[in-house]
Amino acid sequence: MLDIRLIREKPDFVRERLATRGSGDEGKIDEVLRVDTERRKTETALQQLNADRKKLSREIGGKKSRGEATDELEQRVRQIAEEIADLNARAAAAEDEQNNLLLQIANLPHESVPTGEDPSANRVVRTWGEKPGLNEPADHVALGARLNLFDLERAAKLSGSGFICFTGAGAKLERALINFMIDLHTREHDYIEISPPFLVRRDCMIGTTQLPKFEADMYGLEDNQLFLAPTAEVPLTNFHREEILAVADLPKKFVAYTPCFRREAGAAGRETRGIIRVHQFDKVELVKITTPEKSYDELESLTADAERVLQMLGLHYRVLELCTGDLGFGSAKTYDIEVWSPGQNAFLEVSSCSNFEGFQARRMHLRFKDRDGKNRFCHTLNGSGLALPRLFAALIENYQQPDGSVRLPEKLQPYFGAERIGMTNVEEMTK
RNA sequence: GGUGAGGUGGCUGAGUGGUUGAAAGCAGCGCUUUGCUAAAGCGCCGUAGCCCAAAAGGCUACCGAGGGUUCGAAUCCCUCCCUCACCGCCA
């Protein structure tokens, strides 16, 4: 959430920056300021009463030890206690209200973010590689069916639409990609591997901004309190929640493979064809916890770390800088990485690398002690490195061969244990 | 799931109703002194919020969380969470 002090001191600036998102959050600022004023007024009065009560109660203690009468004093304190109870309730209500308001207001876009209303204003910052010269390429659904890499009908039988069941060589390829990416990030990019719980508490979901605003998109358990994590961002970023880290230990760099669970009840259509948009998917996630001074450099390097996966796999991609109107709720700046999909004849988002600045850290009380011994909020970042189904789809589409097989990029071969996926694999799988 | 014990400041650990935000020790920071790595003495040393233009300063809250009892609670009562030990069950 935003710092209430910033809102208090520079309300016009905050309103102006929020307005660039086009979500109307700037209209909530007056309400926040009103509640904040009310809250502080109440708290000040409450504290005065508490001070009075404390003083009188001590007097009573003194008198009692000397055997003096205290009836009158006790009567007065009783009265004060009633007023305190009343003010206390009001102060707590104001605090709740303020908090609830703040939790619903988006982060301020960084000044470098291009202003714009929708994705058409996103800026392509770079492109890598080029489109493969394929003649009438099959899309991943056709390829997957031909090579028995996944079975969407049977997945639907198990869990409904929007689920994938990888089979045989497909399951193995999924696993090979996971291992390949984790090895790359741990060995060459210095991330610490984490294997976190997939179920997380409500507080963690609030910390990384999935809640309270997007509860409808999340899977929650009946007994409540626990949610299926929609991304490893949640457990990784919350890993140090409510802690005060030493500057010397920053940045913290985590990588994790986890399944991700999302309701996102979108209508069926081209967007949801095949394995492009599903309720459960695998993802390797990168998270960094750092200082305000370094977070933007860390965003660049995190993005580069994610891009490296595509470079090593030899896949054509581009990097977009999202405009203010397309920015996620908690993000101050985001780069999307999109891989080329010959089957869709379009770029597919496989990673979204964001700097949240102190927005998440403030929600989860994640701080560090700076060189002057002062506690300050950390900056948090994350990005996929990468999301698997789309990478999977792009990979088989880009590497499809005229004979119907899929040749695997060299770097992946040791992980998969073969150079290609062909009809031999199919026969093995179906016998 | 059952039984028992327990959750106090960065750590260890006192504290069972009154001036305790909290003894003591350790760690950390500063100063002094002696002087080769080190020791001794003294001082400082939690977090958050509020008041104040700001600094200085002041006030309030916080002893796992939330309620309650009381003039007054770290201390008593209730609920919940977590940790540890043993038992049961189980991949």
Side-chain angles (χ1 to χ4, degrees), chain A residues 1-11 32-103 195-207 211 220-227 235 238-250 252 259 358 361-378:
Chain A
M1 57 184 147
L2 296 175
D3 186 352
I4 182 62
R5 276 177 232 210
L6 179 67
I7 297 177
R8 207 142 68 199
E9 284 158 23
K10 298 179 178 172
V32 170
L33 288 171
R34 206 210 81 230
V35 174
D36 178 54
T37 305
E38 164 70 15
R39 193 199 95 239
R40 287 186 296 154
K41 221 177 75 192
T42 314
E43 271 179 25
T44 305
L46 176 65
Q47 289 176 2
Q48 185 53 50
L49 286 177
N50 267 323
D52 292 348
R53 171 170 71 176
K54 202 166 168 181
K55 191 163 149 253
L56 291 178
S57 286
R58 279 180 183 171
E59 260 179 59
I60 291 171
K63 284 193 184 238
K64 285 211 163 171
S65 66
R66 275 176 265 122
E68 297 172 26
T70 58
D71 290 359
E72 194 190 322
L73 274 181
E74 286 187 28
Q75 190 51 44
R76 274 171 62 193
V77 178
R78 251 188 291 266
Q79 266 173 29
I80 292 174
E82 275 175 41
E83 290 177 55
I84 286 177
D86 178 49
L87 274 187
N88 207 2
R90 277 169 51 195
E95 199 185 331
D96 276 359
E97 198 183 345
Q98 177 175 322
N99 222 5
N100 290 337
L101 282 167
L102 285 177
L103 287 175
S195 179
F198 304 154
L199 290 170
V200 292
R201 309 172 93 104
R202 176 169 219 106
D203 283 349
C204 292
M205 294 284 277
I206 291 173
L211 296 181
L221 267 55
E222 282 297 313
D223 72 356
N224 212 1
Q225 294 327 318
L226 290 179
F227 291 82
N238 279 283
F239 190 76
H240 287 295
R241 82 193 320 273
E242 285 159 44
E243 291 184 31
I244 300 174
L245 305 170
V247 240
D249 296 338
L250 300 177
K252 296 274 184 186
R362 211 169 283 117
R363 290 178 167 221
M364 58 178 78
H365 298 290
L366 169 59
R367 292 169 294 174
F368 71 100
K369 203 174 270 294
D370 70 14
R371 311 229 178 256
D372 300 325
K374 245 188 100 195
N375 295 331
R376 297 164 62 200
F377 287 109
C378 297

Which nucleotide in the set B/C50, B/U60, B/A48 lies at the smallest distance from any side-chain heavy atom of A/R367?
B/A48

Spell out, as yes or no, whether a donor-acceptor pair under 3.5 Å connects the side chain of A/R53 to the backbone of A/I84.
no

Pairing partner of B/A53 (Watson-Crick or G-U wobble, both distances under 3.5 Å)
none

Take A/D52 and A/E74, find for each the nucleotide of RNA chain B with the closest heavy atom, and name the residue whose nucleotide sits nearer the 5' end.
A/D52

For atom CD1 of A/I80 and atom C1' of B/C71, their distance in whole Å
10 Å

With P as the reference atom in both, quote the distance from B/G18 to B/C77 in angstrom, rounded to an integer.
16 Å

Roughly, in whole Å, what's the span from CG in A/N88 to P in B/C50?
16 Å

Side-chain contact check for A/R58: nearest option of B/C50, B/C59, B/G21 is B/G21

Over how many whole Å does the gap from A/R66 atom CZ to B/G18 atom C1' extend?
13 Å

With a 3.5 angstrom cut-off on both distances, give the Watson-Crick or G-U wobble partner of B/A14, or none if there isn't one.
none

Paired with B/U70: which nucleotide, if any, by Watson-Crick or G-U wobble criteria at under 3.5 Å for both distances?
none

Between A/R362 (side chain only) and A/M1 (backbone N and O only), is there a donor and an acceptor less than 3.5 Å apart?
yes

For A/P11 and A/L33, work out which heavy atoms get closest and say how close.
CB-CD1, 3.9 Å

Would you indicate what A/I60 reaches in the nucleic acid, counting non-hydrogen atoms under 4.0 angstrom: base, sugar-phosphate, or nothing?
base

For B/A27 and B/A38, measure between their P atoms and round to the nearest Å.
13 Å

Whole angstrom value for the distance that separates P of B/C51 from CG of A/L49
16 Å

Please evaluate the base of B/G49 for a donor-acceptor partner in the side chain of A/Q47 within a cut-off of under 3.5 Å?
yes

Tell which nucleotide pairs with B/C84, taking only Watson-Crick or G-U wobble pairs whose two distances are both under 3.5 angstrom.
B/G4

Mind checking the P distance from B/G25 to B/U79? Whole angstroms is fine.
39 Å

Atom P, compared across B/U47 and B/A22: separation rounded to whole Å
14 Å

A/R8 has a side chain; which of B/C50, B/U47, B/A61 sits nearest to it?
B/C50

Take the protein atom CD of A/E43 and the nucleotide atom P of B/A48, then report the distance between them rounded to whole Å.
15 Å

Would you say A/N375 places a side-chain N or O within less than 4.0 Å of OP1 or OP2 belonging to B/U47?
yes

Presence of A/K54 side-chain N/O under 4.0 Å of B/C71 phosphate oxygens OP1/OP2:
no

Picking from B/U47, B/C50, B/C59, which would you name as closest to the side chain of A/K369?
B/U47

A/S65 side-chain N/O to A/G62 backbone N/O, donor-acceptor pair under 3.5 Å:
yes

Return whichever of A/R39 or A/Q48 has its heavy-atom-nearest nucleotide of RNA chain B closer to the 5' end.
A/R39

Integer angstrom distance from the C1' of B/U75 to that of B/U70:
13 Å

Whole-Å distance separating the CD1 atom of A/I244 from the P atom of B/G9:
12 Å

Restricting to non-hydrogen atoms, name the atom on A/L245 and the atom on A/L366 that form the minimum distance, rounded to 0.1 Å.
CD1-CD1, 3.9 Å

Nearest 0.5 angstrom please: A/R8 CZ to A/D36 CG, how far?
4.5 Å

Is the phosphate of B/U60 approached by A/R53 (side-chain N or O, under 4.0 Å from OP1 or OP2)?
no

Any idea which of B/U47, B/C51, B/C71 is nearest the A/K64 side chain?
B/C71

Among B/U47, B/U60, B/C50, find the nucleotide with the atom closest to the side chain of A/T44.
B/C50

Going by purine N1 to pyrimidine N3 plus the second Watson-Crick contact, or the G-U wobble pair, all under 3.5 Å, which nucleotide sits opposite B/G41?
B/C31

In whole Å, I'd like the distance from the CZ atom of A/R376 to the C1' atom of B/A48.
18 Å

Under 3.5 Å on both distances, the Watson-Crick or G-U partner of B/A48
B/U60

Short side-chain donor-acceptor distance under 3.5 Å, A/Q75 and A/D71
no

Name the pairing partner of B/U19, where a pair is Watson-Crick or G-U wobble with both distances under 3.5 Å, or state none.
none

B/G57 to B/C44 separation - P atoms, rounded to the nearest Å
14 Å

Give the rounded distance in Å between these two atoms: CZ of A/R40 and P of B/C50.
7 Å

Atom of A/D203, atom of A/N238 and distance for their closest heavy-atom approach:
O-OD1, 4.5 Å

If I pick the C1' atom on B/C71 and the same atom on B/U32, what distance separates them, to the nearest angstrom?
49 Å

Separation between the C1' atoms of B/G2 and B/C89, rounded to whole Å
11 Å

